[in-house]
Amino acid sequence: MRRRFGTAGLDLLDTDPSESVTLSQAVQSSTEEGARPDLDGEAGVLFGAMTGSVVGLRYYTGVVNKREMVSLVREPHNPYDRNAVMVANVYGNQVGHIKKELAAPMAYIMDNNLAKIEGVVPYGKTNKFSMSVTLFFWGEEENRAAVTTKLNHCGFRFDPVKGTFFLFHGFKSAKAPGSSLQEMLSKNLVAAVPLTAEQMKNSFDKMFDDLMADKTREMEAADAVFTPLLPHQKQALYWMAARENNDHLPPFWEQKGDLYVNVLTNFGVKQRPERVLGGILADDMGLGKTLTTIALIMSNFHDGRPLLLDKADQKGSEPYGLNRHLVFTPLSDMDIFTTVFLGADSRISTARATLIICPLSVLSNWLDQFEQHVRFGENLSVYLYYGTERCRDHNFLSRQDVVLTTYNVLSADYGNKESSPLHKVSWLRVVLDEGHVVRNPNAQQTKAVLDLSSERRWILSGTPIQNSLKDLWVLMAFLKLKPFDVKEWWNRVIQRPVTQGDRESLKNLQALIKGITLRRTKTSKVAGKSVVELPQKKMFVQRVTLSEEERQEYDLAKTEGQKVIGRYVTEGTVLTNYADVLAILVRLRQICCHPGLLGSYARVSSGDTSAPSDLQERLISKIRLVLSCGSDEECAICLDSLRQPVITYCAHVFCRPCICEVIRSEQERAKCPLCRAHINTKELVEYPGDKETGTSTSGKEKWRSSSKVDALMGRLLQVHGEDPAVKSLVVSQFTRFLTLLETPLRQHGFTFTRLDGSMNQRSRVKAIAEFQDSSPSSPSIMLLSLTAGGVGLNLTAASRVFMMDPSWNPAAEDQCVDRCHRLGQTRDVIITKFIVKNSVEEDMMRIQLNKKELMEKTFGSKSVQDQRQSRIEEIKTMMAL
DNA sequence: ACCGCCGGGTGCC
DNA sequence: ACCGCCGGGTGCC
């Protein structure tokens, strides 16, 4: 019901991935998460084109008009011919079949994935029984011969078109008045000068810029919204409400006579295509997407009328808070406040409820913000659909005003066969918060999201195109932007031509995005005025000189490290012994912070032959060392930050998914990617997490300071002396360092709180609330681990940031600073980075800079090999080798 | 006539 | 399908 296509349309258009996967494709796909073993809109060359015929038109209802694109779908189980190739129009309705003689070679080509075949019907239907179709064969160059040979063998050849000029996706329909293939293709030649990679990158980067035009009208929020909106939020509210109430045809649809025609595919239908009532709100972090969305919920129930207006009149005199119930529900892995506001009105039988789906990390933020911004006299019912006790009655859910849940819960419910109440409700509105997290088309989560039924659909995201064009498809599918909700059409009309540099398709993409997206950055301006006036941000580097004692210790460790790494470099085994190398670097970084950080971690040499239990212990201590209590090391397979880190018996650290994939694909022959030792899944040791017991170590042992600690304390005392109201963030990657810092902070009488990744949701919420509080007794310092908290983390109470140690990842540092340099900040933000002179920290700073430049130049397109090589170079630099 | 020719029935894969 | 193909009816001029 919810899928307008019917299952046949969608499922048939999606090739079954279990069919005909070649070995090389399997290997390729194993390196990329969820990659599909087909051509899937990727680049490829056009082998040629020919005319074929579609027969059996009179048996089917699907219609096609002049120059319309059609899709060709294999029907291997057709009882009359196992070579059958079905022809369908853009909506997936069957038009006919390819004539059997031609279907035979086409089936072979399609089944063996030698080419992707696309069709355009040049004249439309001229009789009841058959029509011609122009077929385009796209594929990898290496398969060209196989395709041509097969066709020739069956008595077909490509039409004799000179040269290789027909580069793109069929025809530029509007410009192709001619009827012959030759003529149509030569028209296309005119537009076929592709963009260079650099031009493409530029246009792509700019796509989300400058989306401000005509989006400056404002709308006041309903009275029920307690917080006054800022001007840019009123603009967003106006825009969102206008999108929800719009009566326009979706992008690229035009009315022509009694037909609605999609000008990109030339597909025409009698029935008006569904309106797209929603879009993407892609404002920068901190501009108030949550508040704006709440305002939308309250202000545009139907036709621009606020939610619950009549009820407010009725019950306006009721005391504030009477209908508010706070229910405390203990959950399995963490505690969270479940807030239920009762008293919803069930008179409105049409869709009334808004469903909000967000990552777990921002769930409590939504609840807080509803509480903060909405007057509760309004009787708003917000139901948190989370936890084992959640109410699974879809009738109950549909009577709420707002249902809030997480992607994981949605996805888990969806996997539970018939029993997903979220999928039984016809929602007024569905909001995907941090919507860019949905991007893998094959993930259960994506399917669960796409299968929701709703009139209005919104995506909130601070990072609209995080990775690439590829990730956009899911968003288009969610917004139901026909025909792009079917992947073939997205690939054919947008993704492939844009990837190959087609200007017109890029323009189309830009127009598409522009029509449905609102994006403002912190620096966006409306009529010369900044959207948000943020205080200034200043960054200083404070160089720290090690004491003589520390320097000795450092130099000793460095000489020792040089010996070891020097040997690896000469042997060419740096990557083989990567864990050791990282351990040495971490050790040096730790000495820069505080010599006591080294702790009692035992060194593990690779050739160790201890008893298994002992080995286990040693491995755990090694993985601890590598991760150094919360630092951001990379996995040698994906070269990304470690996720679910595990250590092998040969003492190398990887992401669990990465190394498991290696083991899965190589089976018994699996070898460690770094040292080629045999590995298997049973011998992976997990990182048990930091089990340190807070202050116990610092309590027992005699306190010892360090140069960096002294430098920090000096600054903190100075800040306190200048203005005791100023609060500071003290940031480190090493949570053990944060623990060490607690002692001198206490000694100097500072009140402080702490936030790191090991804390549960309850204590996080508590720590943040305490810190944000402005009373004089509230903590003036927060010890913060670099990567703690989601993007939504709001620490605007602080205006000083002390970065205790440099990170490999400059983005992580920026993000951390943005937690206080955001909307709501009233003071200038001053950031101090402590860097130890003549140390690995200086090298890291330099490398960070180089990296940033390189990224900008190359569009991040360095191969994994290159990245590894430059990593080796970096290590050599740092060790002065 | 073990042909030619005529004209009706018929028609995707 | 204003086709091709099939197969039954038919058969000097």
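Naming convention: chains lettered A, B, ... in sequence-line order (proteins, then strands); numbering from 1 in each chain.
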Inset, instruction - For A:Asn65 and A:Glu68, test the side chains for any donor-to-acceptor distance below 3.5 angstrom and give the result as yes or no. - result: yes
Inset, instruction - Rounded to the nearest angstrom, tell me the gap between atom CG in A:Leu102 and atom C1' in B:dC13. - result: 13 Å
Inset, instruction - Can you tell me, in whole Å, how much space there is between the C1' of B:dC2 and that of C:dC13? - result: 25 Å
Legend entry - Between B:dC6 and B:dT10 - P atom distance, rounded Å: 22 Å
Inset, instruction - Compute whether any side-chain donor of one residue and acceptor of the other, for A:Tyr385 and A:Asp413, lie under 3.5 angstrom apart. - result: yes
Inset, instruction - Go through the side-chain N and O atoms of A:Tyr60 and A:Asn93 and say whether any donor and acceptor fall under 3.5 Å apart. - result: no
Legend entry - Rounded distance (Å) that lies between atom C1' of B:dC13 and atom CG of A:Asn78: 5 Å
Legend entry - A:Arg74 CZ to B:dC13 C1', straight-line distance once rounded to whole Å: 11 Å
Inset, instruction - Take atom P in B:dG9 and the same atom in B:dG4, then report the distance between them in whole Å. - result: 26 Å
Legend entry - Paired nucleotide for B:dA1 [Watson-Crick or G-U wobble; both distances under 3.5 Å]: none
Inset, instruction - Check step by step if side-chain contact (heavy atoms from CB on, under 4.5 Å) holds for A:Phe478 and A:Leu450. - result: CA-CA 5 Å; A:Phe478 172 72; A:Leu450 294 186; 3.9 Å; yes
Can you list, pair by pair, the side-chain donor-acceptor contacts under 3.5 Å of residues 149-157 of chain A, counting residues two or more places apart and other chains?
from: A:Thr149; atom 1: OG1; to: A:Ala145; atom 2: O; distance (Å): 2.5

Close N/O contacts between protein and nucleotides 1-6 of chain C (under 3.5 Å):
none

Legend entry - Stacking of A:Tyr59 on B:dC12 base (centres under 5.5 Å, planes under 30°): yes
Legend entry - Non-hydrogen atoms of A:Met69 and A:Val90 that approach each other most closely: O-CG2, 3.7 Å
Inset, instruction - Grab the NZ-C1' distance between A:Lys128 and B:dT10 for me, whole Å please. - result: 14 Å
Legend entry - Heavy-atom donor-acceptor pair, A:Asp81 side-chain to B:dC13 base, under 3.5 Å: no
Inset, instruction - Any strand is fair game: report the nucleotide pairing with C:dC13 by Watson-Crick or G-U wobble, both distances under 3.5 Å, or none. - result: none
Inset, instruction - Quote, to the nearest angstrom, the C1' distance that separates B:dC12 from B:dG8. - result: 22 Å
Inset, instruction - Figure out the NZ/C1' separation between A:Lys125 and B:dC12, and round it to whole Å. - result: 14 Å
Inset, instruction - Using a 4.0 Å heavy-atom cut-off across all strands, classify A:Ile98 as base, sugar-phosphate, or nothing. - result: sugar-phosphate
Inset, instruction - Apply side chain to side chain contact (heavy atoms under 4.5 Å, CB included) to A:Lys270 and list each qualifying residue two or more places apart in sequence or on a separate chain. - result: A:Asp258, A:Leu259
